[in-house]
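For reference, positions follow the sequence shown, starting with 1. Below, each value reflects all heavy atoms present in this structure, side chains not excepted, and no hydrogens, waters or symmetry copies.
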Amino acid sequence: MYLLISETGKLLGSIGVVVVCVFLFVGTYLLNKKTKKPEGCIDPSEYCEGCSLTSCSHHPSNQPNEEKEGEKEND
């Protein structure tokens with residue numbers, strides 16, 4: 001059985017689905033940001049020595065210049 005939905009109705013339905021998806025994404029992002037870190041959670045930057053993923057924020061090459069200069073002074 002065909003549902004008689006006009007082209008405008010299909011367009012509005014599609015836009016509605018996209019809007020709901022965007023609101024769900026933003027809502028879950030904000031809720032995740034407000035969530036406290038659980039006890040016993042280990043900070044990866046403490047033990048990261050670097051790997052092949054240079055885009056990772058914990059990679060030693062992405063650390064601030066102050067730490068790199070401090071290491072040079074200690075050598």
Side-chain angles (χ1 to χ4, degrees):
M1 178 176 207
Y2 288 104
L3 293 174
L4 298 176
I5 301 174
S6 66
E7 294 296 320
T8 306
K10 290 179 184 179
L11 178 66
L12 291 176
S14 300
I15 291 172
V17 167
V18 170
V19 168
V20 167
C21 289
V22 168
F23 277 120
L24 284 173
F25 175 78
V26 171
T28 55
Y29 176 80
L30 293 175
L31 287 173
N32 186 39
K33 199 167 183 148
K34 289 182 181 180
T35 304
K36 294 180 181 178
K37 188 184 286 188
E39 292 182 22
C41 185
I42 301 171
D43 186 14
S45 62
E46 294 175 2
Y47 60 86
C48 178
E49 296 176 4
C51 59
S52 61
L53 297 174
T54 57
S55 61
C56 176
S57 62
H58 300 293
H59 195 275
S61 66
N62 294 329
Q63 298 303 317
N65 289 334
E66 296 171 2
E67 290 181 15
K68 291 178 184 177
E69 292 173 4
E71 291 174 0
K72 291 179 184 176
E73 292 174 1
N74 292 338
D75 289 339

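Take Ser6 and apply the side-chain contact (heavy atoms from CB on, under 4.5 Å) test, not counting sequence neighbours, and it matches Thr8. A search for side-chain contact (heavy atoms from CB on, under 4.5 Å) contacts involving Ile15 returns Leu11, Val19, not counting sequence neighbours. Taking the side-chain contact (heavy atoms from CB on, under 4.5 Å) definition, one finds that Lys10 meets it with Ile5, Glu7, sequence neighbours left out.
Hydrophobic clustering, with ILVMFWY side chains joined whenever heavy atoms are under 4.5 angstrom apart, keeps Leu24 apart from Tyr29. In the hydrophobic cluster analysis, where Ile, Leu, Val, Met, Phe, Trp and Tyr join through side-chain heavy atoms closer than 4.5 angstrom, Val17 is grouped apart from Val20.
Thr28 contributes atom OG1, which lies 13.0 Å from atom CZ of Phe23 (distance to the nearest 0.5 angstrom).
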